[in-house]
Amino acid sequence: MPEGPSILILHEEIKKFTNQKVIEISGSAKIDKDRFINQKIIDFKTFGKHTLICFKDAAIRIHLLMFGTYLINDSKSTPLKIGLRFNKGELNFYTCAVSVVEGNLNDHYDWSADIMNDKWSAKNAKEKLDEFPKAMICDVLLDQNIFAGLGNIIKNEILYRTKIHPESIVGKLPEKKIKTLIKEARVYSFEFLEWKKENTLTAHWLAHEKKICKRCNLPLIKKHTGKNKRRSYFCTNCQELYK
DNA sequence: AGTCATGTTGACGA
DNA sequence: CTCGTCAACATGAC
């Protein structure tokens with residue numbers, strides 16, 4: 001389910017509940033739910049893969065992990081993680097991680113790290129990247145402190161687009177290559193968003209779960225790469241290994 | 001039926 | 001104390 005662009009779609013769908021008062025909260029989430037009863041939602045925000053339901057002095061943070069789902073004005077029989085009921089309507093989340101962020105969100109989040117945020121800063125991302133010269137690029141791209149919202153699909157697609165081998169070492173990449181990659185992270189994420197809305201996302205994949213390289217017709221390699229061992233799909237002919 | 005995956009966290013041991 | 005490894009969480013596609 002998640003990756004930043006999908007969370008933006010979720011935000012679009014639930015923001016109509018802004019200013020609604022919470023009548024009831026249910027579900028198995030291990031947070032103090034009662035404190036939010038009769039409180040008004042003052043805003044919904046997102047940070048990377050986080051959905052934030054904002055109240056006066058705290059926010060409920062929801063992370064859909066791999067299989068999280070949500071239903072608006074509807075419910076299903078699988079165990080409810082957290083459900084909010086309003087005078088008019090309800091909002092239900094399943095299979096997700098829920099926590100509470102106390103106080104001012106600005107004290108917890110560097111908005112410039114969120115690839116989908118207006119405050120996104122490629123410059124800040126570059127500076128943070130430079131702190132990990134020995135890391136593999138496939139690992140660093142998934143670092144949510146640097147590229148919040150960037151997930152495994154976006155990783156594979158932007159490395160393919162920019163012709164960089166996922167096992168390339170950050171410090172060995174030419175400056176220009178890194179800058180192109182960082183730029184592509186945001187550009188591709190917004191294309192992802194549009195395709196996801198049109199339901200054509202998977203049809204647009206060039207690398208992720210693909211078997212043949214569209215550029216050179218050679219087979220793509222599937223390998224669990226880096227420290228995190230997430231799936232990578234890449235073309236050893238088109239994507240240069242900097243090491 | 002078993003494996004695996006758009007992800008993160010916390011426990012545990014070296 | 002810090003680092004790496006791994007299980008846990010839990011759903012659905014193949």
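The sequence lines fix the lettering, A, B, ..., with proteins before strands; numbering per chain opens at 1.
Aromatic pair Y109(A)/H50(A): centroids less than 6.0 angstrom apart. Two rings, from H165(A) and Y242(A), have their centers 6.0 Å or more apart.
Regarding Y94(A), its OH atom lies at a distance of 16 Å from the C1' atom of dG12(C), rounded to whole Å. One interatomic measurement links the two molecules: CZ of F67(A) to P of dT9(B), which rounds to 15 Å at whole-angstrom precision. Here dT5(C) presents its C1' atom at 9 Å from NZ of K229(A), a figure rounded to the nearest Å. Between the CG atom of L64(A) and the P atom of dT8(B) there is a distance of 11 Å, rounded to whole Å. Note: NE2 (H63(A)) to P (dT8(B)) measures 4 Å, nearest angstrom. A straight line from NE2 of H208(A) to P of dA13(C) spans 15 Å, rounded to a whole angstrom. Counting to the nearest Å, the C1' atom of dC9(C) and the CE atom of M66(A) are 11 Å from each other. The distance from atom NZ of K49(A) to atom P of dT6(B) is 10 Å, rounded to the nearest whole Å.
The Q144(A) side chain lies nearest to dT8(B) when the options are dT6(B), dA10(C), dT8(B). Out of dT6(B), dA5(B), dG12(C), the shortest distance to the side chain of K76(A) is found at dG12(C). With distances taken from any side-chain atom of R231(A) to the nucleotides dG12(C), dT6(B), dA10(C), the minimum falls on dT6(B). Candidate nucleotides dT6(B), dG4(C), dT11(C) were compared by shortest atom distance to the side chain of P79(A), and dT11(C) ranks first. Listed candidates were dT6(B), dG12(C), dA10(C). Nearest to the side chain of P2(A) is dT6(B). With dT8(B), dT11(C), dT6(B) as the choices, the nucleotide that has an atom nearest any side-chain atom of I153(A) turns out to be dT6(B). With distances taken from any side-chain atom of E3(A) to the nucleotides dT6(B), dA10(C), dA5(B), the minimum falls on dT6(B).
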Determine all donor-acceptor pairs shorter than 3.5 Å in which one atom belongs to a side chain in residues 93-105 of chain A; sequence neighbours excluded.
residue : atom : partner : partner atom : Å
Y94(A)  : OH   : K76(A)  : N            : 3.0
S99(A)  : OG   : R61(A)  : NE           : 3.4
E102(A) : OE1  : R35(A)  : NH2          : 3.3
E102(A) : OE2  : R35(A)  : NH1          : 2.7
N104(A) : OD1  : N106(A) : N            : 2.8
N104(A) : OD1  : N106(A) : ND2          : 3.4

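The backbone N or O of L150(A) sits less than 3.5 Å from a side-chain atom of K49(A), completing a donor-acceptor pair.
Ring geometry for F55(A) versus F36(A): interplanar angle of 30 to 60°, hence tilted.
An OP1 or OP2 oxygen of dC4(B) is reached within less than 4.0 angstrom by no side-chain nitrogen or oxygen of H224(A). Contact between the side-chain N/O atoms of R61(A) and the OP1/OP2 oxygens of dT9(B) is found at a separation under 4.0 Å. Between K30(A) and dT9(B) there is no side-chain N or O to OP1 or OP2 distance below 4.0 Å.
Partner S232(A) forms a side chain to side chain donor-acceptor pair (under 3.5 Å) with one of K223(A), K155(A), K222(A), H224(A) and no other, that one being K155(A).
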Only Watson-Crick and G-U wobble pairs with both distances less than 3.5 Å should count. Give DNA chain B in dot-bracket notation, marking inter-strand partners with |. .||||.||||||||

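Taking atom P in both dA7(C) and dT3(B), the straight-line distance is 14 Å, to the nearest Å.
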Residue pair R85(A), E90(A): steps toward the salt bridge (Lys or Arg N to Asp or Glu O under 4.0 Å) verdict: CA-CA 4 Å; R85(A) 196 160 62 76; E90(A) 59 182 301; over 6 Å; no

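Judged by a 6.0 Å distance limit and a 45° cone about the ring axis, R186(A) is not positioned over the six-membered ring of F147(A).
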